[in-house]
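Below: one structure, written as structure tokens.
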Amino acid sequence: MVMSKELAKTGEKVKTNSFNMIQAINDGLKTVLEKDKRTLLLGEDIGKNGGVFRATDGLQTKFGEQRVMDTPLSEAGFVGTAVGMALNGLKPIVEIQFLGFIYPAFEQIATHVTRTRTRTLGHYHMPMVIRAPYGAGVRSPEIHSDSVEAFFAHMPGIKVVCPSTAYDAKGLLLAAVEDPDPVLFLEPMRLYRGKRYEVPVEEYHIELGKGTMVAQGGDVSIFAWGAMMPIALEAAENMKQQAISCDVIDLRSLYPLDKEIIANSVQKTGRVVIIHEGHETGGIGSEIISIINETSFLYLKAPIEKVTGFDVPVPLFALENDYLPTTDRIEQAILKVYEF
Amino acid sequence: MVMSKELAKTGEKVKTNSFNMIQAINDGLKTVLEKDKRTLLLGEDIGKNGGVFRATDGLQTKFGEQRVMDTPLSEAGFVGTAVGMALNGLKPIVEIQFLGFIYPAFEQIATHVTRTRTRTLGHYHMPMVIRAPYGAGVRSPEIHSDSVEAFFAHMPGIKVVCPSTAYDAKGLLLAAVEDPDPVLFLEPMRLYRGKRYEVPVEEYHIELGKGTMVAQGGDVSIFAWGAMMPIALEAAENMKQQAISCDVIDLRSLYPLDKEIIANSVQKTGRVVIIHEGHETGGIGSEIISIINETSFLYLKAPIEKVTGFDVPVPLFALENDYLPTTDRIEQAILKVYEF
Amino acid sequence: MKEKYPLFQVMGKDGKWQDQTYEKELNEAKVKSLYYHMLRIRTYDQKGVALQRQGRIGTYVPFAGQEAAQVGSALALGEEDWMFPTYRDHGASLAFGADLDMMLLHWNGRIEGCLPSRKKHIMPASIPIATHLPHATGAAMAETYKGSKNATIAYFGDGATSEGDFHEGLNIASVFKAPVVFFNQNNGYAISLPVEKQMNSETIAQKAEAYGIPGIRVDGMDVLAVYIAVQQALDKAKRGEGPTLIEAVTMRFGAHTTADDPSKYRNQDEINQKREVVDPLIRIEKHMKGRHIWDSAWQSSLSEEIGEELDNAISRMENYQKPVVSDMFDYVFEKPTWTIAKQRQQIISRGGRG
Amino acid sequence: MKEKYPLFQVMGKDGKWQDQTYEKELNEAKVKSLYYHMLRIRTYDQKGVALQRQGRIGTYVPFAGQEAAQVGSALALGEEDWMFPTYRDHGASLAFGADLDMMLLHWNGRIEGCLPSRKKHIMPASIPIATHLPHATGAAMAETYKGSKNATIAYFGDGATSEGDFHEGLNIASVFKAPVVFFNQNNGYAISLPVEKQMNSETIAQKAEAYGIPGIRVDGMDVLAVYIAVQQALDKAKRGEGPTLIEAVTMRFGAHTTADDPSKYRNQDEINQKREVVDPLIRIEKHMKGRHIWDSAWQSSLSEEIGEELDNAISRMENYQKPVVSDMFDYVFEKPTWTIAKQRQQIISRGGRG
Ligand SMILES: Cc1ncc(C[n+]2csc(CCOP(=O)(O)OP(=O)(O)O)c2C)c(N)n1
Ligand SMILES: Cc1ncc(C[n+]2csc(CCOP(=O)(O)OP(=O)(O)O)c2C)c(N)n1
Ligand SMILES: [Mg+2]
Ligand SMILES: [Mg+2]
């Protein structure tokens, strides 16, 4: 389990591919299928078609129909089927075609995927990964753009992660598959075919539950993840012109949140902006505020600002950019906490 | 639409019954069925059986099988059926037998119940009430004790309310039925057969979105709802011995939360304890903290304390009292914020 | 099972009468109307694909091949009946009376386009598969409740039959004898999954047995058969005899959506060849010719009229007023909650998108 | 439909052979074993109801009337087969080999009781109706995947057939020919709802047609018939021929649970009278007497042995170590997250409940 970033730092050469996120995920899935015979993929259109985003392209040809299974159109059914497989020693990796179609499987996740270890006092467990493309900004049809990670962060028994780079995507995916407990692996559609990163060929894991500081500054702490990272970074960059420097932290794990990285940064800056595209009320932003209240109350110099999606259904694509946080809204929020 | 409490204050006589909560709900349902031909009840075992808690006792006999319908065991199906009825001019009041069995209907609620008004630009709407007994503490079997109000507070397009008295139960229920939009009406099982209240015979409404101050004090603000109210009040009472006086606020509405009542109290006391039996992470407690951050940052004198259920599945009844907030835990929290 | 559920046809593949029972009902005017609507939605569909290719609309969902199923069923509906379509049934919606301008707006990502009609009871297309089947059941039960004689129809694909909501919607309808027609278009594929891998049952019609209701298999390329089958099921429903499940066996000629590449999972050339043989428009044309009710001049003028109607509508779509940002906030509740009012204020005060 | 799905019986209501085909298989030892388990779970059930009345356990779920269905099916299972029961199938679990002590703990609200066995593959009882059917499908597919020859069985009631998960579980199993038996106990009621209002289909067995799989209707009061039917379905599954839906027509003699008052929704006196006529224990006793394999001394000693076993187990339950508060925290994840660790610390540091 080598952290290749670390390796790179120590000067050692690591064989890499230049991959965008969807390629990194495909590569990650290939890696686990090769390594562990107990893993198998289930989902709609993931076989011959290679997935509607091609995340599983070529995998059925390589690993056969028993390892890469096209299921009927039946989210509750195939998540439930995966529960049975996991009970019986396999490690299913399930694809939900879009996060907005996870709702039919909600009951399976809320009462079985997440509770099996507890209700059997550890005699059975659920080594299952549920992958789901998510988020707005790619002109998808209705329901295809929901950002409802907060539901799952409130559900005891499942971890929730979300990469913002191709590198993290593979590393988090491998760690999620390795994890003996269920993990919801959220894939920001908007970043699928974005920037390429050097993605190590070999296996590497990014620890679940750990965020990463992607830009450093002393004035304001910015917390974000997934598709919000590029605009968070852009806003932080722009603020330099006004001599405001920001910590920009990619939380990567949404349950559990990385309490240390949050507290450390807030205790340094005392000023916080949180960004997420999920609805404001009951969003993960409020949970981060709660953690800050608990860990860093005396350090806060200004009310925390949230830049989030609104308490409205994600609109059809003509208005989706009005729903989504923007660099401009983030910059306003940074100014507001800075000038308080 | 008379607020009988107010009437009582002005000395006018109001005809009342002495009802516990389940009787008040039964009475409320009878009232709306009598008043509005468009209302009808759907659910499992609500007809002949009168509901597993007898909330609908006698109603099928009185109003017939077309108004009080026993449905097949099919939560997604009958919530979806209610959607069709609401589209077509009726006002369905749906009973989910226990909140833990709402999960199969999650998709209907998340994509249809809550979005119909938006996606038809108001041409159609969803005047639907979903009632659900909920919470732990009555030695129910597994899954019967979940407190997952936070899921619905994060779902745009539905209001969430929860009474803690028989009086509020009828008043909120009538207001929920009157409301042209969907309302999730949570019924704390633990209070069903508790204290009796004078419940007016006539119709009265308690405004959705408004909390109520049930005890007044200057030192600490306590926010709670539903089955947590009795222990919140008890803890506040006990603290008087230590000369600590508390505002105790029954929020009653969980979406939208009553921002004014929260801010007013916090701006007076500067010290806050929030109580809920739902899981801590992603719970409504964090949302209240977020509102306080937004409205009352400069007034806070101590980190806010939460006394909540844990990030674990609600355990079977042998341990449920260990899961639930207790007076003792609340008192410790009050002391902690007081002494900070 | 195919013997138990034979394919109901009114005309053969050659367009000749297969079953002349309904000749009177299927008079010249009716057949011409069916043809007109098929031609109209075919033209609309072709424009849709073209507009998407030119980047003038978003992802488009073509239905070529399913015109007979969609038009035959839609024209069987009564004025006050309720239609619950999917994303692929805009052909049926148009035939039933949807507002063309609204439909086009939908492809431009406009909420306005979700509501296809303010005159007819045509519901917004259901995106989450099969979730609208219980709605059709409920709306039908509401008709019974009100003592009216209207029925509802739900459209759905072969893939939809695997979802729990299909099952729950049909079961509840069967228990309450709801006046609803469950109209399945079995086009052989759910995106990439062929129907043989979607289910182990030979037909979809036989699934009716689970609910003790009639199941009908009809040739979905035969607009006359679809029209008759749906009409009979609607009549039955309106007589209080409960729901019917109809399987219209049809074909999706093109891609699942314009974002889909069918050659990944099927031999599209084969489909393209087959297409010419089974095209429902050619079939009805042959039939009309056989009955000497075909008139090329009439057809050309129809064609022209339709082309003009569509071009005008498209230009209206392209010149439609800008999307109104506040629409996103103003229809969540009748009166906005303070949270929504605050958020609305935040964004409106900055003139829309940040 | 009842003609198409006749009730399979091995013995008549009088206990006489109805179908002697299986005489060899149903030899004295087998029949005695079936009887023993029925007597054992009947006794256990009576103790359960009594304990609840005395306030010594929480809500109890009685299954009297369903002993033949539960024992016949459980004894047909192979050692390595997987059982997915509901809250009412503790009789079947016990017969298959569940740990009696664990089962009793369950009624005392102890998590320990959720896991009925560490020796056999007996899953915790599924509380949310029908949700475990896909699990049985998945576990069966895993057996195929591993190349083993084991099968799974899912237990569920008549009410469960209305849930989407019933449909999805069966459909997926049918598509993948999973070695699973879907064992329905149609006891006529889902709490208060009679099966006639649960569904419009005359039988549950016929629902198999929707999946192109065999549907079998068996007399659920005839333990021999249930045993044979389930065994045949299991064999079929293990031969790679896919799933079977079995409807065992039975009766729930008592209340839904000890919290239920059946007189609210049915004539319980009538049921009590009928009960004496159809009791599955009396039926098998008659059968054994007819075959001269009944031995009163044997029966008395069984009865005594079972009584003692249960009394001992009950006293162990009542003297069982106190619930361990940390159990609530320690099995959510393999390693607790910091949130759980923090919460655990909070409560453990104060010695458990507030
Ligand atoms: C609940 C849900 N899951 C997945 C999808 C993604 N999806 C859209 S269309 C489709 C296939 C539908 O197939 P079918 O029911 O046969 O209808 P067709 O598209 O062929 O008209 C899928 C899987 C969805 N819309 N809803
Ligand atoms: C999803 C869900 N909804 C509701 C319930 C409440 N409930 C428990 S048992 C039951 C009736 C089940 O009837 P049936 O399937 O016939 O099984 P039986 O109890 O007769 O064995 C109901 C409605 C539940 N456990 N799960
Ligand atoms: Mg299809
Ligand atoms: Mg039953």
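Excluded from the calculations below are hydrogen atoms, water molecules and symmetry mates; all remaining heavy atoms, backbone and side chain alike, are included. Below, chains carry the letters A, B, ... as their sequence lines are ordered, and counting in each starts from 1.
Residue contact with chain D, scored on non-hydrogen atoms closer than 4.5 Å, involves the side chain of L40(A) exclusively. In this structure, chain D has heavy atoms under 4.5 Å from both the backbone and the side chain of Q66(A). In this structure, the portion of V175(D) lying under 4.5 Å from any heavy atom of chain A is its side chain and not its backbone. Heavy-atom distances place no part of M126(A) under 4.5 Å from chain D, backbone and side chain included. Only the side chain of F176(D) comes within less than 4.5 Å of a heavy atom of chain A; its backbone N, CA, C and O stay farther away. Using a 4.5 Å cut-off between heavy atoms, A82(A) does not touch chain D at all. Contact annotation for H167(D): neither backbone nor side-chain heavy atoms come within less than 4.5 Å of a heavy atom of chain A. Residue A125(D) touches chain A through its backbone alone, counting heavy-atom pairs closer than 4.5 Å.
Interface check for chain D: of the options L257(A), T118(A), I291(A), the most heavy-atom pairs under 4.5 Å are formed by T118(A). Among P180(A), P92(A), G89(A), A86(A), the residue with the largest count of heavy-atom pairs under 4.5 Å with chain D is P180(A). Of the listed residues (E143(D), E112(D), H121(D), M328(D)), the greatest number of heavy-atom pairs within a distance under 4.5 Å of chain A belongs to E143(D). Ranked by non-hydrogen atom pairs under 4.5 Å with chain D, the options D179(A), L42(A), I158(A) are led by I158(A). Ranked by heavy-atom pairs under 4.5 Å with chain A, the first of G138(D), C114(D), G169(D) is G138(D). Put simply, of T111(A), T71(A), T81(A), the one with the most heavy-atom pairs under 4.5 Å next to chain D is T81(A). For chain D, the option among G157(A), G209(A), G122(A), P256(A) with the highest count of heavy-atom pairs below 4.5 Å is G157(A).
A heavy-atom distance below 4.5 Å is not found between the side chains of H135(D) and M85(A). Considering only heavy atoms from C-beta on, N171(D) stays 4.5 Å or farther from S74(A) through its side chain. Between M123(D) and T120(A) there is no side-chain heavy-atom pair separated by less than 4.5 Å. The shortest distance between side-chain heavy atoms of E168(D) and P104(A) does not fall below 4.5 Å. Side-chain contact check for H125(A) versus F333(D): every heavy-atom pair is 4.5 Å or farther apart. A heavy-atom distance below 4.5 Å is found between the side chains of Y145(D) and R67(A).
No donor-acceptor pair under 3.5 Å is formed between the side chain of D165(D) and the backbone N or O of G77(A). With hydrogens and angles disregarded, no donor-acceptor distance shorter than 3.5 Å links the side chain of W338(D) to the backbone of E260(A). With hydrogens and angles disregarded, a donor-acceptor distance shorter than 3.5 Å links the side chain of Q108(A) to the backbone of T131(D).
Of the inter-residue distances, the one linking I172(D) atom CD1 with M69(A) atom CE reads 9.0 Å to the nearest 0.5 angstrom.
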Tell me, with the steps shown, if M141(D) and L90(A) meet side-chain contact (heavy atoms from CB on, under 4.5 Å). CA-CA 10 Å; M141(D) 287 169 71; L90(A) 304 185; over 6 Å; no

Going through the distances and angles, do L121(A) and L115(D) end up as a side-chain contact (heavy atoms from CB on, under 4.5 Å)? CA-CA 8 Å; L121(A) 291 176; L115(D) 181 72; 5.8 Å; no

List the steps, then state whether side-chain contact (heavy atoms from CB on, under 4.5 Å) holds for R115(A) with Y331(D). CA-CA 9 Å; R115(A) 300 194 205 207; Y331(D) 300 96; over 6 Å; no

Can you check side-chain hydrogen bond (donor to acceptor under 3.5 Å, both in side chains) on Y255(A) and T339(D), steps first, answer last? CA-CA 9 Å; Y255(A) 189 87; T339(D) 48; 2.7 Å; yes

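For N88(A) against K146(D), the heavy-atom pair with the smallest separation is OD1-NZ, 2.6 Å.
Between K342(D) and E294(A) there is a salt bridge, since at least one side-chain N of the basic residue sits less than 4.0 Å from a carboxylate O of the acidic one.
Taking a 6.0 Å sphere around OH of Y299(A), one finds it holds 12 or fewer heavy atoms contributed by other residues, nucleotides or ligands.
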